[in-house]
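We're numbering straight along the sequence, starting at 1.
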Amino acid sequence: PAVVKIDAASGNEEKLELDPAGLAAGSPMPEQFVRNAYTDSTGRFFAGLWRSSIGAWRVTYTENEFCFLTAGRLRITDDHGRQWTYGPGDTFVMPAGFCGLWEVLEPAQKYYAIYEPPSS
């Protein structure tokens with residue numbers, strides 16, 4: 001196998017469509033794009049680049065996601081009211097089982113690596 005470089009030219013950029021029912025009250029519909037640069041042979045591990053305009057929506061993670069924010073600002077609030085705010089250069093993990101609100105406060109971009117564990 002070859003080493004895979006992940007950057008703004010990797011893979012094909014695809015527009016993501018959020019379910020309007022998941023938007024937070026009063027949130028604009030964000031425009032989101034993803035460049036998935038790598039998928040392993042099991043189809044459970046992915047890596048690439050994501051970007052989004054301003055907006056807020058509910059999330060429920062079934063996957064584990066490593067995130068490295070390169071632009072913008074995010075606020076993540078769990079269902080218990082705990083909040084985390086991230087800016088360029090911040091790195092964090094969204095664990096499987098997390099439920100809450102994901103808010104893009106300023107247009108954002110991140111590198112991601114996602115592992116989707118098998119269903120149990």
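Looking at every heavy atom in both residues, C67 comes nearest to W102 through SG-CH2, 4.5 Å. Closest approach of L18 to Q32, counting heavy atoms only: CD1-NE2, 3.7 Å. Residues P28 and P30 share a closest heavy-atom pair of O-CD, 3.1 Å.
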Exercise. After noting the C-alpha distance and the side-chain angles of E106 and R75, does the key distance pass the salt bridge (Lys or Arg N to Asp or Glu O under 4.0 Å) rule?
Worked result: CA-CA 10 Å; E106 298 171 5; R75 180 172 46 230; over 6 Å; no
Problem set entry | Trace of the side chain to side chain contact (heavy atoms under 4.5 Å, CB included) decision for F98 with T60 | CA-CA 6 Å; F98 178 91; T60 300; over 6 Å; no
Problem set entry | Intermediate values then yes/no, side chain to side chain contact (heavy atoms under 4.5 Å, CB included), L74 and L69 | CA-CA 9 Å; L74 306 175; L69 194 62; 3.9 Å; yes
For this session: Go through the steps for S52 and W57 under the test side chain to side chain contact (heavy atoms under 4.5 Å, CB included), then give the verdict.
Result: CA-CA 12 Å; S52 177; W57 59 94; 4.0 Å; yes
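Comment: R73 does not engage D90 in a salt bridge, judged by the lack of any side-chain N to carboxylate O separation of less than 4.0 angstrom. A salt bridge is absent between R51 and E31: the closest approach of a Lys/Arg side-chain nitrogen to an acidic carboxylate oxygen does not fall below 4.0 angstrom.
Considering only heavy atoms from C-beta on, D78 comes within 4.5 Å of W84 through its side chain. Residues M94 and I76 form a side-chain contact, since some pair of their non-hydrogen atoms from C-beta on lies under 4.5 Å apart. Residues P20 and M29 form a side-chain contact, since some pair of their non-hydrogen atoms from C-beta on lies under 4.5 Å apart.
The closest donor-acceptor contact from the side chain of T70 to the backbone of Q109 lies under 3.5 Å. Judged by distance alone, the side chain of S10 and the main-chain N or O of K5 form a donor-acceptor pair under 3.5 Å. Checked by atom type and distance alone, the side chain of R35 pairs as donor or acceptor with a backbone atom of A8 at under 3.5 Å. Under the 3.5 Å distance criterion, the side-chain polar atoms of N64 are left unmatched by any main-chain donor or acceptor of P95.
Here F92 and Y86 bring their ring centres to under 6.0 angstrom of each other.
A donor-acceptor contact under 3.5 angstrom links the side chains of N36 and Y112, judged on distance only.
For D19, the CG atom is densely surrounded, since the number of other residues' heavy atoms within 6.0 Å is greater than 12.
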